[in-house]
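Take a look at the structure below.
Just so it is clear, the model here is predicted, and its values are computed rather than measured.
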Amino acid sequence: MTLTRRNLMKLTGAGLAGAGLLVVTGPSLADDKIPSTLRVGMSNQLPYAFLDKDGNLTGQSPDVLRAAMRDAGVEKLDASLTEFGALIPGLVARRFDVICTGLFVRPKRCELIDFANPDSLSREGLVVAAGNPMGLKSLGDVAKNGNARIGFIRGSVDEEYVKNAGIAESNWVVLPDVPTLLSAVKGGRADAVISSLVIIASTMKAMNDSSVQLVDNFVDPVVNGKPAIDYAAMGFHKDSKALREAYNTGLAKLVSSGELAKINEKWGLPAALTPTAETPSIETLCKA
């Protein structure tokens, strides 16, 4: 199936309903209990989390969550498909128990939710029309051009990168997900779009459309004088300490055994994007 926004919407409705995965707000998760079924908030982001053609939750993040929680008695994940920008508000409102979609750790997000330790790393990728007609190699190039329109996902870390690069807000194209970003380039609404390299490359592979291309040798955005490296992690409600601790315990076993690296490799994340024992803890990342 060609991955388009229309097809994703079809999976959202018919697929989720058919698979019995739609959930409604339930009772809050008691801090001292770990349920056998976890309510999962997710957004369609290949390869982190998405719905397959049968409406089943799949991807790197669900695989990691299942593996990390298997010794804690979790038997099932019930998925709630949500627009990316609504994930954190949904978790705070207890519409689900965990955000499982490759959510990047940011200090401001740490104020609202508790992150587990990272399960993957990420760089950003820039997509342009085939042939790169404007010769864009960095967000700095977009800013210098003056007329180039840059697209990114609403509520994502890329908004900060775009803002810090000095790109005029009048040249922003803010959209809900990666498929619509790529459609914006194809349709001429945006001259370039930026998103997680892993997500956008996986989506482009699924779409198999030669009218768009990843920019070769893209210059990473710079944060505090360093190339931007993001860390993805599961998100938990601040009152779900026991659940988060159980997950972190399971994740540590996956890291030490090498199983995390195998899961990530399965979903296209190379070893360089898999955390190790030397990866900064979530406490350190939340203070960055």
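When side chains are defined from C-beta on, Asp177 does not count as touching Asn44, because their heavy atoms never get closer than 4.5 Å. Counting heavy atoms from C-beta outward, Asp141 and Asn145 have side chains that stay 4.5 Å or more apart. Counting heavy atoms from C-beta on, the side chains of Leu214 and Leu197 come closer than 4.5 Å. Residues Pro118 and Leu285 have side chains in contact (heavy-atom distance under 4.5 Å, counting atoms from C-beta outward). Here the side chains of Glu124 and Asp230 are in contact, with some heavy-atom distance below 4.5 Å. Using a 4.5 Å heavy-atom threshold, the side chains of Leu181 and Val127 count as separate. Residues Met134 and Val128 are not in side-chain contact: their nearest non-hydrogen atoms beyond the backbone lie 4.5 Å or more apart. Put simply, the side chain of Val64 reaches to within 4.5 Å of the side chain of Tyr247, judged on heavy atoms.
The closest side-chain donor-acceptor pair between Ser211 and Asp209 falls under 3.5 angstrom. Side-chain N/O atoms of Thr274 and Asn264 include a donor and acceptor closer than 3.5 Å. Between the side chains of Ser43 and Gln45, no donor-acceptor pair of N or O atoms lies under 3.5 Å.
Residue Leu269 comes nearest to Ser120 through the heavy atom pair CD2-CB, 3.4 Å, listed as atom of the first residue, atom of the second, then distance. In terms of heavy-atom proximity, Asn171 sits nearest to Ala148 at CB-O, 3.4 Å. Closest heavy-atom contact between Gly41 and Leu87: C-CD2, 3.8 Å. Residues Ala246 and Ala72 come closest through the heavy atom pair CB-CB, 4.3 Å. Annotation for Ala192 and Leu136: closest pair CB-CD1, 3.9 Å, computed over non-hydrogen atoms. Across all their heavy atoms, Phe84 and Pro176 have their closest contact at CB-O, 4.4 Å.
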(request) Verify side-chain contact (heavy atoms from CB on, under 4.5 Å) between Tyr48 and Ser122, making sure each step is shown before the conclusion. (result) CA-CA 11 Å; Tyr48 293 111; Ser122 180; 3.9 Å; yes
(request) Please report the C-alpha distance between Met42 and Ile99 in whole Å, then the side-chain angles of each, then the deciding distance to 0.1 Å, and finally whether the side-chain contact (heavy atoms from CB on, under 4.5 Å) criterion is met. (result) CA-CA 6 Å; Met42 51 82 67; Ile99 295 174; over 6 Å; no
(request) I would like to know whether Glu159 and Val174 meet side-chain contact (heavy atoms from CB on, under 4.5 Å); could you show each step before the answer? (result) CA-CA 9 Å; Glu159 181 171 352; Val174 186; 5.6 Å; no
(request) Please test Val98 against Phe236 for side-chain contact (heavy atoms from CB on, under 4.5 Å), starting from the C-alpha separation and ending with a verdict. (result) CA-CA 5 Å; Val98 55; Phe236 295 89; 3.7 Å; yes
(message) What verdict does the salt bridge (charged side-chain N to carboxylate O under 4.0 Å, His left out) test give for Asp97 and Arg39, after you've listed the backbone C-alpha separation in whole Å, the side-chain angles of each residue and the deciding distance to 0.1 Å?
(response) CA-CA 5 Å; Asp97 304 314; Arg39 300 173 302 156; 2.8 Å; yes
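Taken to the nearest 0.5 Å, the CG atom of Asp114 stands 9.5 Å off from the NE2 atom of His237. In this structure, the separation between CG on Asn217 and OG on Ser138 is 12.0 Å, given to the nearest 0.5 Å. Note that CD1 of Ile150 and CG of Leu126 are 5.0 Å apart. Values are rounded to the nearest 0.5 Å. Once rounded to the nearest 0.5 Å, the distance linking CG of Asp216 with NZ of Lys137 reads 5.5 Å. Distance CZ/Arg106 to CG/Leu112: 14.0 Å, rounded to 0.5 Å. Atoms CG and CE, on Leu243 and Met69 in that order, are 5.0 Å from each other to the nearest 0.5 Å.
Within a 6.0 Å sphere centred on CZ of Arg123, heavy atoms belonging to other residues, nucleotides or ligands number 12 at most. At most 12 heavy atoms of other shown residues, nucleotides or ligands fall within 6.0 angstrom of atom CD in Glu265.
Of the candidates Arg109, Met234, Glu283, Phe115 forms a side chain to side chain contact (heavy atoms under 4.5 Å, CB included) with just one, namely Arg109.
Using bins of under 30°, 30° to 60° and over 60° for the plane-to-plane angle, the ring pair Trp172/Phe152 lands in the perpendicular bin.
In this structure, the side chain of Glu259 does not engage the main chain of Lys253 through any donor-acceptor pair within 3.5 Å.
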